[in-house]
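Structure record follows, encoded as structure tokens.
Here is how names work: the chains are called A, B, and so on, in the same order as the sequence lines, proteins then strands, and each is numbered from 1. Not measured: the values here are computed from a predicted model.
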Protein chains: 2
Amino acid sequence: MSTNKTVYVILGLLSEQPLSGYEIKKLIKLRFQFFWSESYGQLYPTLKSLVKDNLIQVFPLEKQSSRNEIKYYITDLGKEKLKEWLFVSPEKETIRLEILLKMYFSLNTPEVPMIEYLSAFKDNYSDAINTLNLFQKELEQIAFEDNHEDILHIIDFGQKVYKAYIEWSEETIKYFKRKNTK
Amino acid sequence: MSTNKTVYVILGLLSEQPLSGYEIKKLIKLRFQFFWSESYGQLYPTLKSLVKDNLIQVFPLEKQSSRNEIKYYITDLGKEKLKEWLFVSPEKETIRLEILLKMYFSLNTPEVPMIEYLSAFKDNYSDAINTLNLFQKELEQIAFEDNHEDILHIIDFGQKVYKAYIEWSEETIKYFKRKNTK
DNA sequence: CGGCGCATGTAACTTGTTACATGATTCC
DNA sequence: GGAATCATGTAACAAGTTACATGCGCCG
């Protein structure tokens with residue numbers, strides 16, 4: 001029952017505006033970075049298969065803005081398919097956090113540089129939360145539009161969760177430092 | 001460079017005690033539920049390939065406790081391999097949260113039952129956090145052992161992150177309710 | 001003797017990443 | 001003219017899920 005989600009990210013983004021594969025990749029990175037990602041190896045073949053199923057279409061050659069780029073637009077069938085998916089309950093997410101696994105299995109191997117791992121983890125999410133904060137400010141500044149408030153809530157998810165990540169890593173770093181000096 | 005992590009979960013668990021595939025599956029669910037999962041379709045074939053690589057071994061028939069069960073133990077080579085992995089920095093985790101995707105793409109489709117989705121999300125993690133709290137209390141009660149404090153920190157990760165999830169979903173539910181009555 | 005939980009397994013498939021190849025365009 | 005970035009693509013592989021099949025042992 002696990003439907004290919006890549007399909008819906010593409011349909012969703014194309015439902016706003018026509019885009020090329022490359023632009024889709026960039027948009028996913030820009031907007032969804034903190035809760036979604038796609039690789040080219042997944043993206044381009046999916047675009048092809050969506051065209052075959054008539055859920056999206058390629059702009060006719062004469063409408064293309066550059067020779068290299070291939071812009072796609074969503075068809076009515078595609079819009080339907082997207083809407084259908086929106087009405088299906090989200091599946092339970094599976095998360096895999098290698099750092100916790102390593103922490104667990106290195107309980108008896110104190111030489112493992114857990115503090116180093118935790119610092120990298122923390123730095124990574126500190127950067128991410130800064131990006132989100134910036135994004136939030138930008139959104140708050142520009143004139144109020146329909147969806148801004150909704151999007152702020154999506155950003156807030158990232159902020160809250162990353163804050164938890166960061167607090168946990170700080171505390172855990174302290175714990176390991178204390179432990180090491182004992 | 002993405003090494004098969006299932007290998008290391010198995011090696012890690014077997015480094016504590018001999019186990020069967022079925023027991024490994026159960027242990028992963030019990031201990032790692034909130035940050036790891038494995039399916040049988042991944043587990044059993046991996047066990048076979050680990051035996052082939054001499055990282056684990058099957059107990060000789062006469063030592064098996066029951067006819068159905070196949071217990072494995074870790075070899076010295078396996079212990080080495082596990083240790084090696086512990087010294088490699090954890091890879092960046094990829095998270096995919098379908099609920100945020102649906103929220104984003106349903107901005108213009110208010111009929112989508114986001115409140116329902118959010119409630120299910122919240123309930124799910126409320127249950128999970130209760131389990132973790134119980135687990136924590138159990139650990140705190142039994143006499144102090146080597147690794148309890150470390151494990152408490154691992155549990156604390158789940159507690160902090162789930163708390164963030166729950167707070168976010170509560171706030172977002174409120175937001176949607178307000179929005180609907182407008 | 002029926003059902004549940006224990007226990008192992010696999011085939012078919014889907015999903016996803018990585019590494020590579022290719023070439024145009026833009027900017028310095 | 002060289003580097004960066006735009007832009008598309010694929011082949012080989014790795015990872016992972018699902019659905020199914022099979023049979024034992026125990027309890028009521």
Side-chain angles (χ1 to χ4, degrees), chain A residues 1-11 13-14 18-30 32 35-53 56 58-59 61 64-72 85 90-98 101, chain B residues 1-11 13-14 18-30 32 35-53 56 58-59 61 63-72 85 91-98 101:
Chain A
M1 199 52 47
S2 91
T3 38
N4 183 348
K5 310 289 167 54
T6 305
V7 164
Y8 299 104
V9 188
I10 294 174
L11 291 178
L13 288 173
L14 288 184
L19 294 165
S20 66
Y22 192 78
E23 288 174 313
I24 288 171
K25 178 79 161 65
K26 271 199 306 179
L27 262 186
I28 290 171
K29 177 117 204 231
L30 180 69
F32 304 150
F35 65 88
W36 208 268
S37 67
E38 294 291 349
S39 65
Y40 284 123
Q42 188 78 345
L43 211 47
Y44 283 114
T46 305
L47 283 168
K48 294 238 155 143
S49 91
L50 286 174
V51 170
K52 213 166 63 191
D53 295 347
I56 66 175
V58 178
F59 265 153
L61 252 174
Q64 298 287 347
S65 54
S66 101
R67 243 171 313 143
N68 310 341
E69 204 190 37
I70 303 172
K71 288 246 190 198
Y72 296 89
W85 171 73
E91 287 170 37
K92 221 213 148 275
E93 46 284 322
T94 42
I95 298 172
R96 282 182 149 200
L97 289 154
E98 199 188 338
L101 219 49
Chain B
M1 201 53 46
S2 91
T3 36
N4 183 349
K5 310 289 166 57
T6 304
V7 164
Y8 299 104
V9 188
I10 294 175
L11 291 178
L13 288 174
L14 288 183
L19 294 164
S20 67
Y22 193 78
E23 288 174 315
I24 289 171
K25 178 79 160 65
K26 271 198 306 178
L27 262 187
I28 290 171
K29 177 118 204 234
L30 180 69
F32 305 150
F35 66 88
W36 208 267
S37 68
E38 294 290 349
S39 64
Y40 285 123
Q42 189 79 345
L43 211 48
Y44 283 113
T46 306
L47 282 168
K48 293 238 156 142
S49 90
L50 286 174
V51 170
K52 214 166 61 189
D53 295 347
I56 66 174
V58 178
F59 265 154
L61 252 172
K63 282 198 189 166
Q64 299 287 346
S65 54
S66 101
R67 244 169 312 143
N68 310 340
E69 204 190 37
I70 302 171
K71 288 246 190 197
Y72 296 90
W85 171 73
E91 288 171 36
K92 219 211 149 277
E93 45 285 320
T94 43
I95 298 172
R96 282 180 149 203
L97 288 155
E98 198 187 341
L101 219 49

[X] [atom1] to [N] [atom2], straight-line distance once rounded to whole Å:
| X | N | atom1 | atom2 | answer |
| --- | --- | --- | --- | --- |
| B:Tyr8 | D:dA15 | OH | P | 10 Å |
| A:Leu30 | D:dC6 | CG | P | 13 Å |
| A:Glu69 | D:dT5 | CD | C1' | 13 Å |
| B:Leu19 | C:dC6 | CG | C1' | 15 Å |
| B:Tyr22 | D:dC24 | OH | P | 17 Å |
| A:Ile10 | C:dT15 | CD1 | P | 12 Å |
| B:Glu38 | C:dT8 | CD | P | 16 Å |
| A:Lys25 | C:dT18 | NZ | P | 11 Å |

Query raised in the report: Would you say B:Lys92 has more than 12 foreign heavy atoms packed within less than 6.0 Å of its NZ?
Result: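 Yes, the 6.0 Å shell around NZ holds more than 12 heavy atoms from other groups.
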Is any side-chain N or O of [X] closer than 4.0 Å to OP1 or OP2 of [N]?
| X | N | answer |
| --- | --- | --- |
| B:Arg96 | C:dG16 | yes |
| A:Asn4 | C:dT15 | yes |
| B:Lys48 | C:dG9 | yes |
| A:Thr6 | C:dG16 | yes |

Query - 5′-ward residue of the pair B:Gly21/B:Thr94 relative to DNA chain C - result: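 First, find each residue's nearest nucleotide; the 5'-ward one identifies B:Gly21.
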Query raised in the report: Want to settle it: does B:Tyr44 or A:Tyr40 sit nearer the 5' end of DNA chain C, counting the closest nucleotide to each?
Result: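 Result: B:Tyr44.
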Query raised in the report: Looking at D:dA7, D:dG9, C:dT15, which one has an atom nearest to any side-chain atom of A:Gln42?
Result: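 Per side-chain heavy atoms of A:Gln42, the pick is C:dT15.
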**Report entry** Listed nucleotide nearest any side-chain atom of A:Tyr72, set C:dT8, C:dT25, D:dG9
**Finding:**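 Closest nucleotide to the A:Tyr72 side chain: D:dG9.
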Query raised in the report: Which part of the nucleic acid does B:Gly41 contact within heavy-atom distance under 4.0 Å: base, sugar-phosphate only, or nothing?
Result: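 Base contact.
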**Report entry** Shortest non-hydrogen separation from A:Ile28 to A:Ser37 and the atoms involved
**Finding:**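 Heavy-atom minimum between the residues: CG2-CA, 4.1 Å.
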Query raised in the report: Sequence neighbours excluded, which residues qualify as ring pair (Phe, Tyr, Trp, His ring centres under 6.0 Å) partners of B:Trp85?
Result: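 With sequence neighbours excluded, B:Trp85 shows a ring pair (Phe, Tyr, Trp, His ring centres under 6.0 Å) to B:Tyr8, given in chain and number order.
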Query - Contacts of B:Tyr22 that satisfy ring pair (Phe, Tyr, Trp, His ring centres under 6.0 Å) - sequence neighbours left out - result: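 Partners of B:Tyr22 under the ring pair (Phe, Tyr, Trp, His ring centres under 6.0 Å) test: none.
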Query raised in the report: Which pairs count as salt bridge (Lys or Arg N to Asp or Glu O under 4.0 Å) when at least one residue sits in residues 38-47 of chain B, sequence neighbours excluded?
Result: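 As it turns out, the salt bridge (Lys or Arg N to Asp or Glu O under 4.0 Å) pairs with a partner in residues 38-47 of chain B, which skip direct neighbours, are A:Arg96-B:Glu38.
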Query raised in the report: Who passes side-chain contact (heavy atoms from CB on, under 4.5 Å) against A:Pro18, sequence neighbours left out?
Result: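 Only A:Phe59, A:Tyr73 meet the side-chain contact (heavy atoms from CB on, under 4.5 Å) criterion with A:Pro18.
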Query - Global bending angle along the helix from C:dC1-D:dG28 to C:dC28-D:dG1, which compares the axes of five pairs at either end, to 10 degrees - result: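 For the helix from C:dC1-D:dG28 to C:dC28-D:dG1, the axes at opposite ends meet at about 30°.
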Query - Counterpart residues, salt bridge (charged side-chain N to carboxylate O under 4.0 Å, His left out), relative to B:Glu23 (two or more places apart) - result: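 Here the qualifying residues are B:Lys71.
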